[in-house]
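Computed from heavy atoms alone, side chains included, the values below leave out hydrogens, waters and symmetry copies. Keep in mind that what you see is a predicted model, and the values were worked out from it rather than measured.
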Amino acid sequence: MSDYLSLPLRLPNSHRQAHDCLATLTQHVATRVLENHWTPSHLDGISDASHQAWKYFNEHASFDELDDHALYEALHELPAPDDFELYLPSRYRRCILQKVGETLRSHVDRREAFQSIQHVLPTHKIRRIHRRHIKEELWDDGDYLSSGYVDVLIDQLNGYYDRYGEYPETYFDLQDCPEYSNGVLPYSADDGPTSGQAVNYQYDKDAGAMTVKVKTPDTLTPETQGDWSWAEHGLTSYDAFADLLAQGTLSAPEFQPTRRKTGDTIYELSFPVEIEHAETGDDTECVLALDAGMRKDMTAIVVNEDGEQLSRPSFIRFTDRDRMRRLHHERSRLNDCLAELRRDGCAYTDEFAHVQSEYERVNNKIQHKRGQLTHDVANQVVALTLLYDVDTIVHEDLRSLSPPRGEGALSWELSSWARRDIIEKIEYRAECAGVDIERVYPEGTSRVCPRCGSTGHTCKSPDHHEEKWWGGHFRCDNARCSFQGDRDYVGALNVARVFFSNGDGLDHGFTTSYIEDAETVLARRSAGERSLALRSSSDSRSDAGTRLTFGYGVVAYMPGQAGTTVGGGSANVAPAVALPESNADGSDGRGPTAHQCTCFKRCTTESY
């Protein structure tokens, strides 16, 4: 099996106007082609088609249906000349159809999810408690719900219920035809790297440079073949791109407008590389068990089939959550200002435009922070996976999660979308590294003692004993055991117990041992791999060791040395239990030096 990973190369600003035209034209044309195909019959048809998406369509008929004059008026906000006729090159048309076809295919799965949820909808608006009930009833229909789309779908259904007082009968009643917000253009429907009629590209491995030619329109509304021009660019690659390309085969790029944190738009060509998955083993003797918490993005522990813990429990928490919280509050404030200006009839004033631009700027920063969070935490998890050479990653099925209380909208936003995105990013990384991914439905994993199997309760903190269902600290009710520990740590252990029980619940005869200590390891974002000249003498070791690397994840490990350093971004790995006094010596607990890596494999090295 294989997967596609991609990295972008930025197009120069010297041809910005041509790229603006390409992006704007693509956005408007694709939206209108999609509108003409937004029917149940087309969703059924493309669902049955197994080839490239563009081949499903009749190329000429699809564009004959376009209203050229309406498109001209939308682009120029002026009436179109009577003799106006839009000219689009053949391969550009195919790329547009590929884009539209991929969108239709994504809604095939969403429609099936909607149809599977219809029979369990209540007669009233879906409240917090009903979310989990719905997920439990749909347990057997899991393929459409494992990505967490059910939460998005429930929000859509509630919005529809608020407007009409009932739930929609069909998916097309619920979902209006999507409208593209940007001019992304996939070139996979073109004729290849050197024969392409929309883009040409050639990579010089020795020079580390990519030569590309992109065909762009000279105007927003080209009327003839002469209104399209080729522009050639020499793009310099970077180490991560070269490392990725060394692992696989280059595929057709995608033209992408990218919004930066500052609000500016840049244009890139994103090149996918086909990476072969490493082989996975047949037997699972050791797992990395994960528990998604509320204040911690992930808790991880390594457990073998005998119930022995092979690692210290680790919390992984995104260190920039406070920044995200402040941005969220600022976005809410600006949204309230916009609503007030609309009520006062000031929706077309300079003040409204200024507040709107600030809202978009803050929202753009939130989107970038979201991406940073999910990638960094996923890198940490996979780094731990490779470090301990586990066979399988086991995580809690997302359908078992309920919306938390007590921290408002942002907490639910973080704990729902982040968990889904983190798991998805862990999955494709693990597949490339040859590690299996399994999910379990853990019933009551935070209420059962992993040491003795007895029931327990959660309380506010180690200093409290009163039971709180939302508490973050677990206490075993068995007086002869008296085990206590972090709730998420207990949850991760019990996820492993459910997996090894080979059933749907906890095997109370299968318990785990506790390794007694923990350490704190900080993982910070690195600007890149340091040169040999800048490394200290402690960074270089004469003894052979194993450096386990993945993506931007950072892992260094010296056999026989207890300490390890695991990284991959601004995520903090903290202990799941308090350090015993014997280890609280003020040291930072770090092992050998870690440095930036971009490989997608385990490799042996003579030095660090």
Side-chain angles (χ1 to χ4, degrees), residues 4-37 46 51-57 59 62-63 66 68 71 74-75 86-107 177-202 210-222 225 227-233 235 250-260 265-273:
Y4 287 90
L5 305 178
S6 61
L7 287 174
L9 293 178
R10 182 175 174 177
L11 293 169
N13 288 331
S14 57
H15 288 74
R16 182 178 182 83
Q17 184 175 356
H19 298 148
D20 285 339
C21 288
L22 179 61
T24 304
L25 181 63
T26 298
Q27 177 185 347
H28 284 263
V29 171
T31 296
R32 280 155 180 77
V33 173
L34 179 59
E35 289 173 352
N36 294 336
H37 293 84
I46 203 162
H51 38 61
Q52 277 188 288
W54 70 268
K55 294 182 179 180
Y56 164 75
F57 302 94
E59 179 182 337
S62 297
F63 288 92
L66 277 183
D68 292 351
L71 183 63
L75 289 168
L86 185 69
Y87 174 81
L88 302 175
S90 171
R91 294 306 181 265
Y92 175 79
R93 291 184 176 196
R94 289 187 182 180
C95 294
I96 289 288
L97 293 177
Q98 181 70 22
K99 177 184 177 80
V100 171
E102 290 171 357
T103 301
L104 290 175
R105 277 180 171 164
S106 70
H107 283 274
C177 178
E179 184 175 338
Y180 292 111
S181 60
N182 56 49
V184 171
L185 183 65
Y187 287 116
S188 55
D190 204 4
D191 294 336
T194 58
S195 304
Q197 300 180 39
V199 67
N200 291 170
Y201 56 95
Q202 187 171 6
M210 179 81 72
T211 301
V212 300
K213 292 175 63 179
V214 182
K215 180 177 281 189
T216 57
D218 299 331
T219 70
L220 281 176
T221 48
Q225 184 176 356
D227 291 332
W228 290 78
S229 303
W230 285 96
E232 183 172 329
H233 311 291
L235 308 180
L250 193 67
S251 300
E254 183 176 78
F255 174 77
Q256 291 182 343
T258 302
R259 194 80 175 270
R260 307 182 74 180
T265 298
I266 61 173
Y267 294 100
E268 299 172 322
L269 286 178
S270 181
F271 286 87
V273 177

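Atom-to-atom distance recorded for Tyr180:OH and His28:NE2 is 13.5 Å, nearest 0.5 angstrom. Here Leu66 contributes atom CG and Glu35 contributes atom CD; the two are 10.0 Å apart, rounded to the nearest 0.5 Å. Separation of atoms CG (Leu220) and CG (Leu75) is listed at 5.5 Å; rounding is to 0.5 Å. Taking NE2 from His19 and CG from Leu22, the interatomic distance works out to 7.5 Å, rounded to the nearest 0.5 Å. Atom-to-atom distance recorded for Tyr187:OH and Gln197:CD is 13.0 Å, nearest 0.5 angstrom. A distance of 6.5 Å separates CG in Leu25 from CG in Leu71, rounded to the nearest 0.5 Å.
Considering all non-hydrogen atoms of both residues, Arg32 and Ala74 come closest at NH2-CB, 3.3 Å. His37 and Ser62 make their closest contact through NE2-OG, 3.5 Å (heavy atoms, listed as atom of the first residue, atom of the second, distance). The minimum heavy-atom distance linking Ala198 with Asp190 is given by the pair N-OD2, 2.8 Å. Across all non-hydrogen atoms, the minimal contact from Ala252 to Pro272 is O-CD, 3.1 Å.
Taking the six-membered ring wherever Trp is involved, the centroid distance between the rings of Tyr201 and Phe271 falls below 6.0 Å. Close placement of the Tyr267 and Phe255 rings is indicated, their centers lying within 6.0 Å of each other.
Within the 3.5 Å criterion, the main-chain N or O of Leu88 finds a donor-acceptor partner in the side chain of Arg93. No side-chain donor-acceptor contact under 3.5 Å links Asn182 to the backbone of Pro257. One N or O on the side chain of Ser106 and one on the backbone of Thr103 form a donor-acceptor pair closer than 3.5 Å. Put simply, the side chain of Gln98 gets close to the backbone of Trp54: a donor and an acceptor are under 3.5 Å apart.
For the ring-ring contact (aromatic ring centres under 6.0 Å, His included) test, residues two or more places apart in sequence or in another chain that qualify with Tyr92 are Trp228.
For Asp227 and Thr219, the side-chain atoms include no donor-acceptor pair closer than 3.5 Å.
Taking the side chain as every heavy atom from C-beta outward, Pro193 and Asn200 never approach each other to under 4.5 Å.
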Side-chain atoms of residues 210-217: list all donor-acceptor pairs with protein atoms under 3.5 Å, sequence neighbours left out, distances to 0.1 Å.
none

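For Gln52, the CD atom is densely surrounded, since the number of other residues' heavy atoms within 6.0 Å is greater than 12.
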